[in-house]
Amino acid sequence: LYSGRGWVDRDRLNRGPLEAVDVGESLESSVGSKVNTRTLKQTVTVLNNNEFPVLFGTYSVSSVDSLNGEKAGDGLSWRSRDSELIWDVDGKKLAYPSTFEVTSEVPVIPVQELTTKTYEELYKGNDLEKMFLQLPNDFPKRVRELAEEITAEGKTPYEKTALLQQYLQQTFPYTNNPDISRVTSNDFVEGFLFELKEGYCDYYSTALVTMARSLNIPARWVKGYAPGEQPEIPMNPAQQQSGTVNNNYTITN
């Protein structure tokens, strides 16, 4: 929920149906896919002692294939509505797995097709729509007006969202240390757009989601991880000749 001050998750465990799942079990999504997918298998190794409330995997995880090298294990719960794989939901203090393997079915996004789809074609009959249009009753008028001005030339939801993204990217410099002393507004997005005028990922993403919602375009704010870096791995001549690909990524944020 966007509160005006930022994002709040008042009832993380009950905001959607949640069920215990086993390693190797097929994870069903309650949101029917309208696009083709490609299968991606991932091995995740945790290089520090951090523990997380979820297991990470490319959207959307379709199965957990192993935990710590074993084809079995406890502690997994699945929320199909959000494709969210939750760890240790019962608070049993289970040790976060040092390594795990997951399989995902990754949507192949038909960008050209989406660009032309009308609001009716995209969202009619979507019962999740209302949830992802939520804004506070006192959401600032000038943020709505700015969103309308930016997207005036857009004819479809996709075009309007792309215009919002372009505006945010081209207008505001990125910094991890914004000067928040400039902010007087009580609303996080209004303060960013009109007073702070600089910021980091949370500022950009929150502005995009709330401005889209103000245009009646459903949008969801998602926390995840940065893309990471692909380290160079020395390959012998045989590997180079065979076209072996380095599929390793080190993710630090």
Side-chain angles (χ1 to χ4, degrees), residues 7 9 11-109 128 200-202 205 220-253:
W7 295 96
D9 194 355
D11 197 356
R12 174 176 172 263
L13 300 184
N14 297 309
R15 58 180 157 85
L18 194 63
E19 60 179 329
V21 293
D22 296 323
V23 172
E25 181 179 344
S26 177
L27 304 177
E28 299 297 330
S29 175
S30 63
V31 183
S33 175
K34 297 180 179 179
V35 298
N36 295 324
T37 62
R38 63 182 179 90
T39 302
L40 178 67
K41 293 184 177 294
Q42 304 134 85
T43 300
V44 178
T45 303
V46 183
L47 300 178
N48 53 31
N49 294 321
N50 291 349
E51 296 191 355
F52 304 96
V54 297
L55 262 59
F56 296 106
T58 300
Y59 182 86
S60 168
V61 177
S62 57
S63 67
V64 179
D65 304 318
S66 71
L67 289 176
N68 293 324
E70 302 291 332
K71 300 295 183 182
D74 297 323
L76 295 171
S77 298
W78 176 247
R79 178 176 286 120
S80 61
R81 191 200 71 188
D82 296 329
S83 298
E84 187 176 22
L85 191 59
I86 298 178
W87 176 252
D88 193 20
V89 70
D90 296 323
K92 296 179 180 178
K93 305 295 184 182
L94 298 176
Y96 194 81
S98 59
T99 184
F100 55 91
E101 297 176 312
V102 296
T103 298
S104 296
E105 290 298 326
V106 184
V108 180
I109 306 299
L128 298 179
Y200 46 83
C201 51
D202 283 8
S205 57
R220 180 173 65 158
W221 191 73
V222 179
K223 291 182 72 70
Y225 48 85
E229 297 180 350
Q230 194 172 27
E232 291 190 15
I233 297 178
M235 294 185 183
N236 61 43
Q239 289 175 313
Q240 294 174 353
Q241 191 172 4
S242 68
T244 300
V245 178
N246 170 24
N247 284 326
N248 292 278
Y249 290 83
T250 300
I251 297 165
T252 58
N253 189 15

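We're numbering straight along the sequence, starting at 1.
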Original post:
What distance separates R81 CZ from L18 CG, expressed to the nearest 0.5 Å?
Top reply: 10.5 Å

Original post:
Is the closest side-chain heavy-atom distance between V64 and V102 below 4.5 Å?
Top reply: yes

Original post:
Do the non-hydrogen side-chain atoms of W87 and L76 ever get within less than 4.5 Å of each other?
Top reply: yes

Original post:
Just wondering, are more than 12 heavy atoms of other shown residues or ligands nearer than 6.0 Å to CG in N253?
Top reply: no

Show which side-chain atoms of residues 43-57 pair as donor or acceptor with protein atoms under 3.5 Å away, not counting sequence neighbours.
from: N48; atom 1: OD1; to: N50; atom 2: N; distance (Å): 3.1

Subject >> Exercise: identify the closest heavy-atom pair between Q230 and N248 >> reply: CG-O, 3.2 Å

Original post:
If you measure only the distance, is there a donor-acceptor pair under 3.5 Å linking the side chains of S83 and S60?
Top reply: yes

Original post:
Any sub-3.5 Å donor-acceptor pair from S77's side-chain atoms to V89's backbone N or O?
Top reply: no

Original post:
Does a side-chain heavy-atom distance below 4.5 Å link E105 with S62?
Top reply: yes

Original post:
Just how far is it from atom OG1 of T103 to atom NZ of K41, taken to the nearest 0.5 Å?
Top reply: 3.0 Å

Subject >> E25 and S63 side chains, donor-acceptor separation under 3.5 Å >> reply: no

Subject >> Minimal non-hydrogen separation, R220 against Y59, with atom names >> reply: NH2-CE1, 4.5 Å

**OP:** Report the C-alpha separation of S98 and N68 in whole Å, then their side-chain angles, then the decisive distance to 0.1 Å, and conclude whether the side chain to side chain contact (heavy atoms under 4.5 Å, CB included) test is met.
**Re:** CA-CA 6 Å; S98 59; N68 293 324; 3.1 Å; yes

**OP:** Drop me the distance from L67's CG to E101's CD, to the nearest 0.5 angstrom.
**Re:** 9.5 Å

**OP:** Apply side chain to side chain contact (heavy atoms under 4.5 Å, CB included) to the pair R79 and I86, showing each step before the final yes or no.
**Re:** CA-CA 8 Å; R79 178 176 286 120; I86 298 178; 3.5 Å; yes

Original post:
Can any side-chain N or O of Q42 pair as donor or acceptor with the backbone N or O of L40 at less than 3.5 Å?
Top reply: yes

**OP:** Measure the spacing between SG of C201 and NZ of K223 and express it to the nearest 0.5 Å.
**Re:** 7.5 Å

**OP:** First locate atom CH2 of W78, then atom CG of D22, and finally report the distance between them rounded to the nearest 0.5 Å.
**Re:** 14.5 Å

Original post:
Taking the side chain from D88 and the backbone from G75, do they hold a donor-acceptor pair closer than 3.5 Å?
Top reply: no

Subject >> Short N-O contact, K92 and D74, less than 4.0 angstrom >> reply: no

